[in-house]
Amino acid sequence: MSKVKRPVNRHKAYHAHVYFDESTLALAKQVCLQAGEIHKVKVGRVHEKLVGPHPKWSCQIAFSTSVFDTLIPWLEVNRQGLSIFVHGLTGDDLKDHTEYAYWLGEPEELNLAMFR
């Protein structure tokens, strides 16, 4: 696999998808809830099923460039082993999930077929 790309603040808006499974569900909920409270970002549903291109259960955090430089380091420190997929929002779903895709933790392979 190629080198893991670290998040870079170069877009106006982002999603961070916190990945988890049954054994890390409580931790993921805690991380997402705290991110929302501390950074005043929008936290979506905690999906205990596969959604979209995501290969694991996930919770989405929506945020803008204005909180990127505080939220991303906070997620890195507080993720406790969870993988977090971060991507820019440009209107091009395929590029957002490939070219503008970044990782905190171990990368996962996305199911990109829906974007092709």
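Numbering of residues begins at 1 and proceeds along the displayed sequence.
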In one Ile/Leu/Val/Met/Phe/Trp/Tyr side-chain cluster, 4.5 Å: [X], [Y]:
{"X": "Y19", "Y": "L71", "result": "no"}
{"X": "I84", "Y": "V46", "result": "yes"}
{"X": "V18", "Y": "L25", "result": "yes"}
{"X": "I38", "Y": "V86", "result": "yes"}

So, taking the atom named [atom1] in [X] and the one named [atom2] in [Y], what distance separates them when rounded to the nearest 0.5 Å?
{"X": "H11", "Y": "F68", "atom1": "NE2", "atom2": "CZ", "answer": "8.0 Å"}
{"X": "Q60", "Y": "K42", "atom1": "CD", "atom2": "NZ", "answer": "8.0 Å"}
{"X": "L104", "Y": "R6", "atom1": "CG", "atom2": "CZ", "answer": "5.0 Å"}
{"X": "F63", "Y": "I72", "atom1": "CZ", "atom2": "CD1", "answer": "4.0 Å"}
{"X": "D96", "Y": "H87", "atom1": "CG", "atom2": "NE2", "answer": "6.5 Å"}
{"X": "K40", "Y": "T70", "atom1": "NZ", "atom2": "OG1", "answer": "12.0 Å"}

Side-chain touch [X]/[Y], heavy atoms, less than 4.5 angstrom:
{"X": "L89", "Y": "H15", "value": "yes"}
{"X": "P53", "Y": "M114", "value": "yes"}
{"X": "N9", "Y": "Y14", "value": "yes"}
{"X": "N111", "Y": "H54", "value": "no"}
{"X": "P55", "Y": "L110", "value": "yes"}
{"X": "V31", "Y": "L75", "value": "yes"}
{"X": "E108", "Y": "W103", "value": "yes"}

Mark yes or no for whether [X], through its side chain, and [Y], through its backbone, hold a donor-acceptor pair below 3.5 Å.
{"X": "T24", "Y": "F20", "result": "no"}
{"X": "K5", "Y": "E99", "result": "yes"}
{"X": "S83", "Y": "G105", "result": "no"}

Which heavy atom of [X] sits nearest to which heavy atom of [Y], and what is that distance?
{"X": "L82", "Y": "A28", "result": "CD1-CA, 3.8 Å"}
{"X": "L94", "Y": "T98", "result": "O-OG1, 2.6 Å"}
{"X": "V43", "Y": "G36", "result": "CG2-CA, 3.7 Å"}
{"X": "A35", "Y": "V41", "result": "O-CG2, 3.5 Å"}

(request) May I ask you to check whether over 12 heavy atoms, not counting those of E106, lie within 6.0 Å of atom CD? (result)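 Result for CD/E106: open.
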(message) For H97 together with F85, are the ring centres under 6.0 Å from each other?
(response)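 Centroid distance F85-H97: below 6.0 Å, so yes.
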(message) Under a 3.5 Å threshold, yes or no: a donor from one side chain and an acceptor from the other, between D92 and T90?
(response)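 No - no donor-acceptor pair under 3.5 Å links their side chains.
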